[in-house]
Amino acid sequence: MAATIPALDLKSIGAAYASGATNPSQLVQALYPKLAAAKGMFIHLAPLEQLLQRAAALEAQVEGSRGALWGVPFATKDNVDVAGMPTTAGCPSFSYTPQSSAAAVQALEDAGGIDCGKTNLDQFASGLVGTRTPYGTAANAFDNRFIPGGSSSGSAAAVGAGLLCFALGTDTAGSGRVPAGYNGCVGLKGTLGKISTVGERRR
């Protein structure tokens, strides 16, 4: 029987796991086709097998050792490093595959999060529109006649469309908050120096 996808907020995911209605593997399996069909949102979507391996590893953890984000799906803007996933910053010729994750990503993974992939952006995070990318344009969560905003376009559009619980973006002058506003979700810019920027690439 196919698993039902709960509302992708922390409370609903936690309740679904606690009740046994679903587990991380089932959630990933059910959610993956929606992520794969989301044109323009991802530059790199992790292979399903890789995500299922991650989910299985989390399920093998003793319940008392599970982190606060255990089994929660999220994604990362593609100017922030995720180990084993290519970083392009929206520029194919810039692409490289890091061996270690950015500090902010690692903290989320250590807490049990499942990083589903790298989201689209205005190239090198330069823009507030979300269309300055060779990887297509993410659909606005409300009406695809309109731009998604940028530069964290894919992250905001994915969360606004209910495809992810949260997603990492970056924000110098509105690159996280502007697309969040365009897609009906909250963009939080951390206090300068509070969140490590090690592993973040811009220009």
Side-chain angles (χ1 to χ4, degrees), residues 3 5-19 21-36 38 41-87 97-121 152 154-171 176 180 183 185-190 194-200:
I5 301 176
L8 292 179
D9 59 83
L10 289 174
K11 184 177 180 180
S12 298
I13 294 171
Y17 287 160
S19 70
T22 191
N23 61 36
S25 293
Q26 291 172 334
L27 179 56
V28 165
Q29 190 84 53
L31 186 60
Y32 197 83
K34 295 180 180 293
L35 299 177
M41 287 189 186
F42 287 90
I43 291 177
H44 174 80
L45 180 62
L48 177 58
E49 181 180 353
Q50 179 181 326
L51 296 179
L52 290 174
Q53 288 174 351
R54 167 65 171 163
L58 290 170
E59 290 162 9
Q61 292 177 350
V62 176
E63 189 168 343
S65 68
R66 295 172 179 174
L69 296 178
W70 187 80
V72 174
F74 73 99
T76 301
K77 184 179 180 180
D78 193 30
N79 66 333
V80 179
D81 287 346
V82 178
M85 294 187 193
T87 295
T97 301
Q99 295 188 355
S100 59
S101 294
V105 173
Q106 190 62 58
L108 297 173
E109 292 178 337
D110 290 346
I114 300 175
D115 198 335
C116 296
K118 307 296 290 297
T119 56
N120 207 349
L121 69 156
S152 306
S155 290
V159 174
L163 297 176
L164 295 168
C165 181
F166 66 92
L168 285 184
T170 59
D171 191 321
N183 290 277
C185 51
V186 175
L188 177 64
K189 180 176 181 177
K194 189 71 174 176
I195 301 171
S196 173
T197 57
V198 172
E200 178 197 346

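Model, not experiment: these values are computed from the prediction.
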Residues T22, I13; criterion side chain to side chain contact (heavy atoms under 4.5 Å, CB included); working and verdict: CA-CA 9 Å; T22 191; I13 294 171; over 6 Å; no
Short side-chain to backbone donor-acceptor contact, D9 and K11, under 3.5 Å: yes
CD-CG distance between E109 and L58, expressed to the nearest 0.5 angstrom: 10.0 Å
Min side-chain heavy-atom separation V80-V105 under 4.5 Å: yes
Spatial distance of atom CG (N79) from atom CD1 (I43) [nearest 0.5 Å]: 9.0 Å
pair T87-P98: side-chain heavy atoms closer than 4.5 Å: yes
Test item: side-chain donor near acceptor, K77 and T170, under 3.5 Å: yes
Beyond-backbone contact of L10 with C165, side-chain heavy atoms, under 4.5 angstrom: yes
Donor-acceptor contact below 3.5 Å, side chain R54 vs main chain C116: no
Stepwise side chain to side chain contact (heavy atoms under 4.5 Å, CB included) test for H44 and V82: CA-CA 11 Å; H44 174 80; V82 178; over 6 Å; no
Validation row: L8, L31 side chains within 4.5 angstrom (heavy atoms): yes
Flag side-chain contact, heavy atom, 4.5 Å: T76 against M85: no
Side chain to side chain contact (heavy atoms under 4.5 Å, CB included) between Y32 and L45, worked out: CA-CA 9 Å; Y32 197 83; L45 180 62; 3.7 Å; yes
Under 3.5 Å: donor-acceptor pair, side chain of T119, backbone of M41: no
Audit row: I114, L51, side chain to side chain contact (heavy atoms under 4.5 Å, CB included) steps and yes/no: CA-CA 7 Å; I114 300 175; L51 296 179; 4.0 Å; yes
L108 vs S101 side-chain heavy atoms within contact, under 4.5 Å: no
Check: V62 main-chain N/O paired with S65 side-chain donor or acceptor under 3.5 Å: yes
Mutual orientation of the aromatic rings belonging to F74 and F166 [parallel < 30°, tilted 30-60°, perpendicular > 60°]: parallel
R66 (side chain) donor-acceptor with G112 (main chain) under 3.5 angstrom: no
Exam field: side chain K118 to backbone A46, donor-acceptor pair closer than 3.5 Å: no
